[in-house]
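In what follows, a single structure is set out as structure tokens and then discussed.
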Protein chains: 2
Amino acid sequence: MEKENTYYGVKEIARRANVSIATVDRVLHNRSGVSEKTKKKINDIIKELDYQPNILASRLASKKIISLAVLLPRVSEETDFWEAPMKGVTRADSEIKKYGVQVTTFYFDLNDPATFNEQAAAILNGDFKGVLLAPSFIEESRKFIRSCREKRIPFVFIDSDLPDEDNLCYIGPHLFQSGYVGAKLSTYRLKEKHKVAVVNISKETDGYNYLQIEEGFRSYFKDHDLPIEIIRIDIKDTDSLSVTRDLTRALHKDDDIEAIFVTNSRVFSVAAFLEKSKRSDISLIGYDYLKENIAYLNTEQIDFLICHKPEEQGYRGLMALYQTLVLGAPVEKTYFMPIDIITKENQAFYQN
Amino acid sequence: MEKENTYYGVKEIARRANVSIATVDRVLHNRSGVSEKTKKKINDIIKELDYQPNILASRLASKKIISLAVLLPRVSEETDFWEAPMKGVTRADSEIKKYGVQVTTFYFDLNDPATFNEQAAAILNGDFKGVLLAPSFIEESRKFIRSCREKRIPFVFIDSDLPDEDNLCYIGPHLFQSGYVGAKLSTYRLKEKHKVAVVNISKETDGYNYLQIEEGFRSYFKDHDLPIEIIRIDIKDTDSLSVTRDLTRALHKDDDIEAIFVTNSRVFSVAAFLEKSKRSDISLIGYDYLKENIAYLNTEQIDFLICHKPEEQGYRGLMALYQTLVLGAPVEKTYFMPIDIITKENQAFYQN
DNA sequence: TATATTTACGGGTACGTACCCGGCATCTTA
DNA sequence: TAAGATGCCGGGTACGTACCCGTAAATATA
């Protein structure tokens, strides 16, 4: 059993062009030292044979290593959501490590924009050939990627987008549509059709992503002519006490809220509050496959979770950099993640 | 920038064992010609260094090719469901082709068990090192895999399982739980809580998979003490006329059916029937991300689709064979696919 | 015209593994 | 005891590409 010899390599190209392998190699990597005439001749043969380099041999022979930086929120006691993207990053790393890629991870604190700036500066100081980041802080991220662009370092966004920036690509949810799905799920147990609340628990309550999600959420009710009042609740401090305080006040003001849609993974803190308040009449929808959230899904305090495959985002994000920088292959400008619906019944088989 | 030298190769092993590279190689491929003593010494060093062979170099140096067979239903006019697993197979093929793997696909007709037997025989005649198949016909598959076992050819099931057989692995849904989710979704628009129908449109109406799904479906109602009558409707002939005839009869007999759960991808033919009969009062749940099904999802004739990532099944199935046969790495015995819920709202972003 | 510099290219080795071939002991057998 | 058989092992080349180094010819400079 012999391997088919359908592939032509540099050797065949060299033979046909009456030059040495080294010269063909120079043309392939457009290094200097080849006359225009031979260069053209070789390029023609390359095209004619539809030459595909053998990546195995190429990476084997090359000694170059490529350094990539990853800039993500640190896993905190408050939420371990970012564990998942990191898992994806690690998986990608171990796959491409043998191809000469080295990944360094930098963490920032979601409650402290200054840490983002610090880490971003560290990345700019290092000699990195590409960056993967979650642009959680809008302004800080804008500043950072401006520097990247100046240094010609390609960058990839995951989880949330920053519009109008010439990033390499965005890998994450279609935020508007995600809110739209959240709205539909919110109507699942709606009876009197009075009020629903959309809750944002985050330092950055007027960021681009949040606005997009809320817009999608509202659009669903508009599109279906549902005369429902939507209460917006912003909770700037993410600790459990603040959540309890703000929610108590909000539910006191509007006691006929029938459904709550939390725009991020902190839905478990709302679930905890509702449980303590013995409010099982309010349906609760939120985001992300976290241990805490799944627990409340199982006790039916949470009705649905929406999830955007965070692990795959990390994996694909790093792979996108690998593809452009190592393989020189083009990547899609935006890659929308599926909008997965998790219930008590199907959660056991969900792939984060 | 130099590649880190964290990896030890055969050279280092040879050096430490005071033998040549060739001898290490003999041990690695447990070929003959090495004394027990040196063999043990080398194996100890291999373990100590946690030696991982460089697949790049290995496949580059090897001239062997490995042939794999794929046995799947042909895409028919009736349903193009099997396009998706084939896409996954093709994707895996193109990824591993360069590692010296050759894939040959055999198709059978879902309406004719004889074609399965023919193709199975053809595979047994060829010199294949592994088989990926969908055991759609229970008895025929049993016979086929018995021969595979005798010839020591590993086989992988996708889409549906055959219990109690020592296959390499099963990649597909947890059928019982899938039916359970289907039941929950069936209650979405239930009002009077009278009757629901579970419809099986297939030549093989008493196969293992169908029974598992129905059991899961019934269990949901039992677990939640819902006093609902479940009507079972078997439709042996899959053409549109037969479906119409059988459904007309069934709905005439039980005119208070509120929800229909179709146990496979042929839910679109039920949707077509309901549309013609102007029965938008019946909620309809079925399987798989097909063009026809999505169309009815968009017109809201179908409420929910359940999907088990058919493309990934094909991809992973082939990769499982690749892993065992080429890389010699172990694979999970069963790999349950997620039970994805598709609605009109999230369908645009579904990854089959 | 003689010398220095640049241009254009080929030879050859390395990457880590697979595997052929040949050689040196040790062991059989007559 | 000599001839062959066998067990055990090392040398060396190949896989397809990357890239260093050397060199002859072409061109520039004196």
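Fair warning: this is a prediction, and the values are worked out from it, not measured in the lab. A, B, ... follow the sequence lines: proteins, then strands. Residue 1 opens every chain. All values below were derived from every heavy atom in this structure, side-chain atoms included, with hydrogens, water molecules and symmetry-related copies excluded.
In terms of modelled atom types and a separation under 3.5 Å, the side chain of A:Y170 and the main chain of A:P173 share a donor-acceptor contact. When atom types are taken as modelled, the side chain of A:D80 and the backbone of A:E83 share no donor-acceptor pair closer than 3.5 angstrom. Formation of a donor-acceptor pair under 3.5 Å by the B:S62 side chain with backbone atoms of B:S58 is not found in this model.
Computed from coordinates, the A:N54 CG to D:dA14 C1' distance equals 14 Å when rounded to whole Å. The distance between atom NZ of A:K64 and atom C1' of C:dC15, rounded to the nearest whole Å, is 14 Å. In this structure, CD1 of A:I13 is placed 11 Å from P of D:dA18, rounded to the nearest angstrom. Computed from coordinates, the A:R31 CZ to D:dC19 P distance equals 5 Å when rounded to whole Å. Protein atom NZ of A:K41 is 14 Å distant from nucleotide atom P of C:dA8, rounded to whole Å. Atom-to-atom, CD1 of B:I42 to C1' of D:dC8 comes out at 11 Å; the value is rounded to the nearest Å. Look at NZ on A:K11: it is 14 Å from C1' on C:dG12, rounded to the nearest Å. Rounded to whole angstrom, the span from the CG atom of B:L60 across to the C1' atom of D:dA14 amounts to 9 Å.
At a threshold of 4.0 angstrom between heavy atoms, the contacts of B:G33 include nucleobase atoms, whether or not backbone atoms are also involved. Looking at heavy-atom distances under 4.0 Å, A:D25 makes contact with a base. Note on B:T38: only backbone sugar-phosphate atoms sit closer than 4.0 angstrom, heavy atoms only; bases stay farther off.
For C:dA8, neither phosphate oxygen OP1 nor OP2 lies less than 4.0 angstrom from any side-chain nitrogen or oxygen of A:S35. Regarding contacts with the backbone of D:dG10, a side-chain N or O of B:S20 is found under 4.0 angstrom from either OP1 or OP2. OP1 or OP2 of C:dT17 lies within a sub-4.0 Å distance of a side-chain N or O belonging to B:Y51. OP1 or OP2 of C:dG10 has at least one side-chain nitrogen or oxygen of A:T23 nearer than 4.0 Å. Residue B:Y8 has no polar side-chain atom (N or O) positioned under 4.0 Å from OP1 or OP2 of C:dT17. Proximity of B:S62 to the phosphate of C:dT17: no side-chain N or O atom is located under 4.0 Å from OP1 or OP2.
In terms of position on DNA chain D, the residue among B:E36 and B:A22 whose nearest nucleotide sits closer to the 5' end is B:E36.
Around atom NZ of A:K151, more than 12 heavy atoms belonging to other residues, nucleotides or ligands sit under 6.0 Å away. The number of heavy-atom neighbours closer than 6.0 Å to NZ of B:K87, taken from other residues, nucleotides and ligands shown, is 12 or below. Other residues, nucleotides and ligands contribute only 12 or fewer heavy atoms inside 6.0 Å of the NZ atom of B:K37.
Remark on the helix from C:dT1-D:dA30 to C:dA30-D:dT1: inter-end axis angle 50°, axes from five-pair C1' superpositions, rounded to 10°.
Ring-centre distance between A:F155 and A:F157: below the 6.0 Å cut-off. Taking the six-membered ring wherever Trp is involved, the centroid distance between the rings of A:F336 and B:Y350 does not fall below 6.0 Å.
Donor-acceptor pairing under 3.5 Å, judged by distance alone, is present between the side chain of A:R26 and the base of C:dG10.
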